[in-house]
Amino acid sequence: MEKSALQIARAAYQPKLPKALQGPVVACEGAATQSVGDQDKIRELFPNTYGLPVIEFVPGEAKQFEPINVGVILSGGQAPGGHNVISGLFDGVKSINPASKLYGFILGPGGLVDHKYMELTSDIIDEYRNTGGFDIIGSGRTKLEKVDQFEKGIEILRELGIKALVIIGGDDSNTNACVLAEYYAAKNYGVQVIGCPKTIDGDLKNEQIETSFGFDTACKTYSELIGNIQRDCNSARKYWHFIKLMGRSASHIALECALQTQPNVCLVSEEVEQKEMSLDDVVNYIANIVAARAADGNNFGTVLIPEGLIEFIPAIKKLIRELNEVLTDPATGEPREFANAEEQIAFVKGSIAADNLAVLESLPEDVARQLCLDRDPHGNVQVSLIETEKLLSRMVAKRLAAMKAEGKYVGKFSTQHHFFGYEGRCAAPSNYDADYCYSLGYNASRLIANGKTGYMSIVKNTTAPAAEWVAGGVPITMMMNIERRNGADKPVIRKALVELDGAPFKYFAAHREDWARRTAYVYPGPIQYFGPAEVCDQCTKTLKLEQA
Ligand code: FBP
């Protein structure tokens with residue numbers, strides 16, 4: 001395989017580990033834990049893995065361990081640093097006993113069910129250290145939640161002598177990891193299951209998890225691109241750029257990119273919902289800023305749009321809720337099957353309430369269509385397929401034309417559209433993600449050596465230098481509550497949305513008026529891997545503000 005100069009130089013980078021993980025460890029256990037909601041129900045569903053203590057690893061005495069075979073799965077969307085989780089896990093498992101083996105299941109959870117795997121040897125691992133992507137074993141979105149899948153899984157785990165499985169995934173995949181841990185514990189199968197917090201979306205975080213890996217690199221990559229666009233736009237002074245940013249439901253990515261680049265407009269879906277804004281309110285908000293800048297002679301600007309915006313507009317949220325219900329077969333809890341898209345749309349239109357139908361029919365045809373069509377395997381609307389950036393700019397143009405006719409706007413409105421998502425998911429991990437991910441993987445091996453199951457690997461205090469990071473484990477049940485999914489109540493990890501009383505949003509809210517009117521752009525430039533710490537080793541602004 002040919003390599004770039006950066007790949008070659010980067011392969012030699014040795015990720016940093018917290019001091020506590022640099023030698024033998026002992027697990028300090030805290031008090032019994034509770035789930036974040038619906039305690040009785042979660043306890044009942046997870047009798048073997050509920051209430052476990054939070055764990056922190058501290059330096060301990062060296063011990064002899066038998067070799068242990070471990071399996072690893074990459075689940076869901078790619079996020080920078082996945083290869084470092086695996087290389088940290090590999091080094092950790094080998095340090096437990098050099099005869100231990102690591103197996104990777106191919107193309108996500110489906111690899112476990114279909115018995116597709118490969119042994120990850122040091123030659124293979126060395127090719128992927130500090131690289132972006134999930135291509136070492138591939139990823140997939142197969143939902144691991146049925147008993148027959150768990151039973152198929154145990155067959156191959158037994159055949160390979162695997163005693164622990166590490167699932168690297170987001171909230172849905174870690175929910176499934178917890179269900180699997182509970183099932184194997186209840187059956188006494190002797191297989192531990194450990195999760196790792198992955199997702200560029202940044203929505204898998206809580207008191208115990210500071211951030212999901214990949215968020216740092218993805219946001220820095222998008223911010224570089226936004227900064228470049230802003231410089232272009234400030235040079236030509238003729239375009240408004242509408243930029244949609246990935247992130248599924250939560251607006252963490254859009255908010256972090258706004259903190260890094262200071263655009264003229266950044267929408268935050270959680271605020272749109274709280275203020276009960278309609279699509280027209282959102283359009284008016286943007287149009288008024290465009291008009292104010294035009295009055296200053298500035299017919300250019302940038303608008304950041306979180307991918308999930310449309311889902312948070314209250315009337316559309318209500319519509320989606322009903323669509324999810326009617327698209328699920330109540331007998332099986334599975335998505336209903338249709339011969340084709342037209343049949344599905346006709347069924348939807350004939351099944352939903354009149355007020356929701358009116359909202360559906362008021363939307364542009366392409367958006368309405370996408371809302372009615374398929375969900376991803378976890379039941380999420382595929383928001384990355386909805387072109388909100390084009391929808392909004394079209395509506396803003398219409399509004400500006402009306403304002404012009406009323407004499408309230410004098411200016412030119414030419415637009416460009418962008419969607420940044422896939423561009424950032426496989427970027428070479430920043431130093432932060434390279435170290436954080438390696439530590440998460442290495443730490444997972446320590447949870448395994450200590451016999452834990454139903455835990456997520458965690459590393460905290462990450463705004464401090466890596467040596468001071470604190471590693472341990474959090475029981476996954478602690479993060480769970482009951483939510484309505486696909487027309488049924490399910491135990492799930494609570495998703496972290498942007499908190500409007502949190503420090504990152506408050507900072508943004510205090511500055512956005514100034515950024516809207518003035519051209520206050522910041523140009524972050526590309527991620528730097530070598531050089532001064534203040535350029536290379538900074539964490540996200542979100543994390544800094546949250547931990548301050
Ligand atoms: P995960 O939640 O699995 O980490 O995926 C994140 C994400 O990148 C979202 O931001 C986006 O909506 C979605 O994946 C896109 O999915 P796909 O890769 O299937 O198009």
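Indexing begins at 1, ligand by ligand and atom by atom, following the structure's order. Position 1 is the first residue of the sequence; numbering continues from there. Side chains are part of it too, since the values below use all heavy atoms of this structure and drop only hydrogens, waters and symmetry mates.
- Listed by chain and number, the residues in a side chain to side chain donor-acceptor pair (under 3.5 Å) with R484 are E325, D489 (sequence neighbours excluded).
- Among protein residues, G76, G77, R141, K198, T199, I200, D201, M246, G247, R248, E307, S384, Y422, R425 come within 4.0 Å of ligand 1, judged on heavy atoms.
- Centroid-to-centroid, the aromatic rings of Y529 and Y13 stay 6.0 Å apart or farther.
- With E210 as reference, T462 is the one residue of T462, I458, T463 to meet the side chain to side chain contact (heavy atoms under 4.5 Å, CB included) rule.
- With respect to K506 and E499, no salt bridge is recorded, no charged nitrogen being found less than 4.0 Å from a carboxylate O.
- Looking at E311 and K495, no side-chain N of the basic residue comes within less than 4.0 Å of a carboxylate O on the acidic one, giving no salt bridge.
- The closest side-chain donor-acceptor pair between K541 and Q260, if any, does not fall under 3.5 angstrom.
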